[in-house]
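Let me begin by presenting the structure, written as structure tokens, before commenting on it.
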Amino acid sequence: MARSFDTGIAMGMYDTLDEVRADIAARLSAAANDRRSAMHSPVVATADADARVMVLRAFDADSWLLRFHTDVRSPKVAVIEADPRIGVLAYDRQAKIQLRLRGTGRIERTGLVADAAWAQSNNFARRCYLGEGPGVAADHPTSGLPARFEGVEPTDDEVQGARENFAVLLVQVEQADWFSLAHTGHRRAVLTAGDGQWISP
């Protein structure tokens, strides 16, 4: 069985669904912990068929829970709160592994998870929540940040007001569609938290 040299994650042909399940968990765990991982920035699609690239911040292999960060003023927050269906697409070009995840999203503005995520962020990351909300119209190119924070790290005091705009998006994965491309023959499996099935690619 071939091994991915840069990630150490097994790639190629698996013979059991348990191996596929372990591969999914390993790839998502690596993606959350290594910004160089091919799956670190998957595409996240909401129920209105809008999609965007987001950074995967955490993955719990036991509960199949993904964590992303978001601005509460973003239009996607209202969409998710009205219809929590979420799709997540990740692809490892070198390993030729595609993951299509379906699940339910929820926005948490306060609480232990949101507070811990904020505490783990540095002030460069926190400053993103100081400016205009996502999607606000402008008459010139803009980052949305106050001019004094362009390229500058705010102090702890200066980012205090940004916390109210910060939230986490938690995605409870309910189904994982794993697709391995190989010249010897593709393989595909669909797994849920407690079951799985090989299917034709």
Side-chain angles (χ1 to χ4, degrees), residues 1-70 74-108 113 168-201:
M1 181 181 298
R3 294 263 172 189
S4 171
F5 217 77
D6 61 336
T7 64
I9 297 171
M11 54 186 283
M13 295 308 205
Y14 293 111
D15 296 316
T16 71
L17 292 171
D18 285 343
E19 289 177 313
V20 173
R21 188 178 298 277
D23 184 73
I24 293 170
R27 290 184 187 283
L28 292 175
S29 295
N33 293 299
D34 183 359
R35 62 183 177 181
R36 294 172 297 178
S37 167
M39 294 187 176
H40 182 59
S41 302
V43 175
V44 178
T46 41
D48 59 347
D50 198 5
R52 74 284 293 156
V53 172
M54 297 184 73
V55 174
L56 179 60
R57 305 290 182 173
F59 170 67
D60 186 315
D62 293 327
S63 62
W64 276 28
L65 189 69
L66 307 172
R67 174 167 58 84
F68 302 91
H69 295 173
T70 190
S74 170
K76 70 176 174 292
V77 168
V79 173
I80 293 166
E81 291 182 331
D83 186 339
R85 291 176 297 165
I86 296 280
V88 179
L89 172 66
Y91 182 63
D92 185 327
R93 184 171 180 269
Q94 182 175 352
K96 297 182 179 178
I97 299 286
Q98 173 185 269
L99 295 181
R100 288 191 296 169
L101 311 174
R102 295 177 183 270
T104 301
R106 71 179 186 270
I107 302 295
E108 293 195 359
V113 174
V168 295
L169 164 60
L170 300 176
V171 177
Q172 181 63 62
V173 177
E174 296 159 359
Q175 182 187 83
D177 187 321
W178 177 92
F179 189 10
S180 173
L181 295 104
H183 69 277
T184 53
H186 309 323
R187 288 198 178 180
R188 185 179 175 196
V190 174
L191 287 80
T192 63
D195 199 5
Q197 177 69 58
W198 293 106
I199 62 174
S200 171

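Since we're looking at a predicted model, the values are computed, not measured.
The line from CG of Asp60 to CG of Leu170 is 10.5 Å long, rounded to the nearest 0.5 Å. Expressed to the nearest 0.5 Å, how far CG of Leu181 lies from CZ of Arg187 amounts to 13.0 Å. Here CZ of Arg57 is found 13.5 Å from CG of Leu66. Values are rounded to the nearest 0.5 Å. One distance of note links CZ of Phe68 with CZ of Arg52; it measures 10.5 Å at 0.5 Å rounding. The CG atom of Leu89 sits 11.0 Å away from atom CZ of Arg102, with the distance rounded to the nearest 0.5 Å. Between atom OG1 of residue Thr46 and atom CD of residue Glu81 there is a gap of 12.5 Å, rounded to the nearest 0.5 Å.
Two residues are said to be in side-chain contact when any heavy atoms from C-beta on lie closer than 4.5 Å; Met39 and Ile97 meet this criterion. Proximity of Leu99 to Leu28: side-chain heavy atoms (C-beta onward) are separated by under 4.5 Å at one or more points. The side-chain heavy atoms of Leu169 and Ile80, taken from C-beta on, include a pair separated by under 4.5 Å.
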Run the side chain to side chain contact (heavy atoms under 4.5 Å, CB included) check on Arg100 and Trp178 step by step: do they pass? CA-CA 7 Å; Arg100 288 191 296 169; Trp178 177 92; over 6 Å; no
CA sep, side-chain torsions, deciding dist, call: His40, Val55, side chain to side chain contact (heavy atoms under 4.5 Å, CB included): CA-CA 6 Å; His40 182 59; Val55 174; 3.3 Å; yes
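Heavy-atom contacts from other residues, nucleotides or ligands closer than 6.0 Å to CZ of Arg188 number more than 12.
Side-chain contact annotation: Asp18 with Thr16, donor-acceptor N/O pair under 3.5 Å absent.
Taking both residues in full, the closest heavy atoms of Trp198 and Tyr14 are given as CH2-O, 3.7 Å, listed atom of the first, atom of the second, then distance. Closest of all the heavy-atom pairs between Val79 and Ala47 is CG1-N, 4.2 Å. Looking at every heavy atom in both residues, Ala61 comes nearest to Ala25 through CB-CB, 4.1 Å. Summarising the geometry of Pro42 relative to Ala90, their closest heavy-atom pair is CB-CB, 4.0 Å, with the distance given to 0.1 Å.
The aromatic rings of His186 and Phe179 stand perpendicular to each other, their planes meeting at an angle above 60°, with 30° marking the opposite boundary.
With Gln98 contributing its side chain and Asp177 its backbone, the two residues share no donor-acceptor pair below 3.5 Å. Listed for the Asn33 side chain is a donor-acceptor partner under 3.5 Å among the backbone atoms of Ser29. A donor-acceptor pair is defined here as one N or O able to donate and one able to accept, closer than 3.5 Å; no such pair exists between the side chain of His69 and the backbone of Val168.
Looking at residues two or more places apart in sequence or on another chain, you find a side-chain contact (heavy atoms from CB on, under 4.5 Å) between Pro84 and Thr104. For Arg21, the side-chain contact (heavy atoms from CB on, under 4.5 Å) partners are Trp64, Leu191, not counting sequence neighbours.
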